[in-house]
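Accompanying notes for the structure given below.
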Amino acid sequence: GALTYSITVQNNGNAAATNVMVTDNLPNLANGTLVIGTITTPQGSCTTAGDTITCNLGTLEANSSLTIVIPVTVGLTSNYCYSSTTLSNVATLSATGMSSKISNSAATTVNCPGSANLTIQKSASATQVTRGGTLTYTVVVNNGGTAPATNVVVTDNLPNLSNGSITVQSATSTVGGACQINGTAITCNVGTLNQNQQATITVVVTVGAISNTCSSSTTIANAATVASTNMSSQTSNSVNTTVNCPDVGTGEVTITKSD
């Protein structure tokens, strides 16, 4: 957005002030920039060096004043903006035979434009599963922001299973196109998620053994991640599932010998 600073210099004395100079160091804007426009002054000239403005005004007669007008454009350096910030700015005046003076502080609140705010939650259909059984993961992505989230991508890299394997049977999303499955890595291109819109991704896996040996249960932990063009990536809660050995039963073998 546009912002205009006005600096008024007034000589209340009974003699002219010579070599009048005004300097203004514009403040830094977190995650943003201030672009200086065309500065106007009724006398003298102003130059810029980065965010520093220097105005050489020459002589200011007694009981006279002038106003310097500085237009700036407030911009973002990235698509990420989560909270408002305050710009505080002062200018400094100097002249021959006079100690420098600092103006009052001009404070301006810079608000974010409409921004996306994605959250991601993950859950599992069971806290325990037996090797050879089926497990369903559900990932819910919600945009609670004030603007659409664009190019939303959800990734879910399923964990390795000691002495076992996880096979992805299917992965679907309620928003966007088909999910891509590459081994145990799942990528869902959700696309645009409007404000207050939700996408639910369902992943069905089979937990299998790679051998007939299973001596103890194990725990698999898994989380999913969401990212978009106008928001940094977010990681879901971790879902823990205990994988138990199948119940193979016990046999009882006896041997008898006789003469």
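Just so you know, these numbers use all the heavy atoms, side chains as well, and skip hydrogens, waters and symmetry mates. Everything numeric here is computed off the predicted structure, so don't read it as measured data. Throughout, residue positions are numbered sequentially from 1 according to the sequence presented.
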Does any part of the side chain of Thr119, heavy atoms only, come nearer than 4.5 Å to the side chain of Val141, both counted from C-beta? no
Please name the pair of heavy atoms, one in Val168 and one in Thr184, separated by the smallest distance, quoted to 0.1 Å. CG2-CA, 4.2 Å
By side chain to side chain donor-acceptor pair (under 3.5 Å) - contacts of Thr202 (at least two apart): none
Do you know which two heavy atoms are closest between Leu3 and Val74, and how far apart they sit? CB-CG2, 4.3 Å
Partner of Leu118 under side-chain contact (heavy atoms from CB on, under 4.5 Å), chosen from Asn142, Leu193, Asn230: Leu193
Is it the case that the side chain of Asn189 and the backbone of Gly191 share a donor-acceptor pair, with hydrogens and angles ignored and the cut-off at 3.5 Å? no
Hydrogens and angles aside, do Thr219 and Asn240 bring a side-chain donor and acceptor to less than 3.5 Å of each other? no
Regarding Thr187 and Gln180, is there a side-chain donor-to-acceptor distance under 3.5 Å anywhere? no
Between OG of Ser100 and CE of Met21, what distance do you get to the nearest 0.5 Å? 9.5 Å
Does a side chain donor of either Asn244 or Gln128 reach within less than 3.5 Å of an acceptor in the other side chain? yes
Are side-chain heavy atoms of Val139 and Asp156 found at a separation under 4.5 Å? yes
Rounded to the nearest 0.5 Å, what's the gap from CE on Met231 to OG1 on Thr150? Could you check? 12.0 Å
Report the C-alpha separation of Val72 and Thr4 in whole Å, then their side-chain angles, then the decisive distance to 0.1 Å, and conclude whether the side-chain contact (heavy atoms from CB on, under 4.5 Å) test is met. CA-CA 6 Å; Val72 298; Thr4 301; over 6 Å; no
Tell me the closest heavy-atom pair linking Gln198 and Thr174, and the distance in Å. O-OG1, 4.2 Å
Is there a donor-acceptor pair under 3.5 Å between the side chain of Gln10 and the backbone N or O of Ser65? no
Value for OH (Tyr5) from CD1 (Ile36), rounded to nearest 0.5 Å, stands at 10.0 Å
Measuring only between side-chain heavy atoms, which start at C-beta, is Val9 closer than 4.5 Å to Leu93? yes
According to a 4.5 Å side-chain heavy-atom criterion applied to Ile, Leu, Val, Met, Phe, Trp and Tyr, with indirect links allowed, do Tyr137 and Val153 form part of one hydrophobic cluster? no
Could you tell me whether the side chain of Ser103 and the main chain of Ala91 form a donor-acceptor pair under 3.5 Å? yes
With side-chain contact (heavy atoms from CB on, under 4.5 Å) as the criterion, how do Val205 and Thr167 come out once you've worked through the C-alpha distance, each side chain's angles and the decisive distance to 0.1 Å? CA-CA 5 Å; Val205 303; Thr167 303; over 6 Å; no
Holding to salt bridge (Lys or Arg N to Asp or Glu O under 4.0 Å), I want the full list of residues that pass it with Asp24, two or more places apart in sequence or in another chain. none
Pairwise distance OG1(Thr59) to CG(Asn19) - rounded to 0.5 angstrom: 7.0 Å
hydrophobic_cluster_shared for Ile166 and Val154, side chain cutoff 4.5 Å: yes
Cluster question for you: counting only ILVMFWY and a side-chain heavy-atom cut-off of under 4.5 Å, with indirect links fine, are Val190 and Ile181 together? yes
Separation between CD of Gln169 and OG1 of Thr206, rounded to the nearest 0.5 Å: 3.5 Å
The residue among Thr138, Val140, Asn237, Thr136 that forms side-chain contact (heavy atoms from CB on, under 4.5 Å) with Ser123 is Thr138
Within this structure, what is the CD1-CG distance for the pair Ile70 and Leu26, rounded to the nearest 0.5 Å? 6.5 Å
Heavy atoms only: give me the nearest Ala95-Ala17 pair and the separation to one decimal. CB-CB, 4.4 Å
Dump the intermediate steps for side-chain contact (heavy atoms from CB on, under 4.5 Å) on Thr241 and Leu135, then the final yes or no. CA-CA 9 Å; Thr241 303; Leu135 182 65; 4.0 Å; yes
Ignoring hydrogens and angles, state whether a donor on the side chain of Ser217 or Thr242 is under 3.5 Å from an acceptor on the partner side chain. no
Heavy-atom pair of closest approach, residues Ser228 and Ala149: OG-CB, 4.2 Å
With no hydrogens and no angle check, is any side-chain donor or acceptor of Asn182 less than 3.5 Å from a backbone partner on Ile186? no
State which residue, out of Asn25, Thr23, Thr48, fulfils the side-chain contact (heavy atoms from CB on, under 4.5 Å) condition with Thr54. Thr23
Could you tell me whether Asn63 atom CG has more than 12 heavy atoms of other residues or ligands within 6.0 Å of it? yes
Hey, any chance Leu66 and Ile39 share a hydrophobic cluster, counting ILVMFWY side chains that come within less than 4.5 Å of each other, even indirectly? yes
Start with the C-alpha distance between Cys55 and Ile53, add both sets of side-chain angles, then the distance that settles side-chain contact (heavy atoms from CB on, under 4.5 Å), and finish with yes or no. CA-CA 7 Å; Cys55 295; Ile53 301 166; 4.0 Å; yes
Side chains of Asn11 and Glu61 in contact at under 4.5 Å (non-hydrogen atoms): no
Do the side chain of Ser236 and the main chain of Ala224 share a donor and acceptor less than 3.5 angstrom apart? yes
Least distance between heavy atoms, Pro148 atom then Thr192 atom: CB-CG2, 3.9 Å
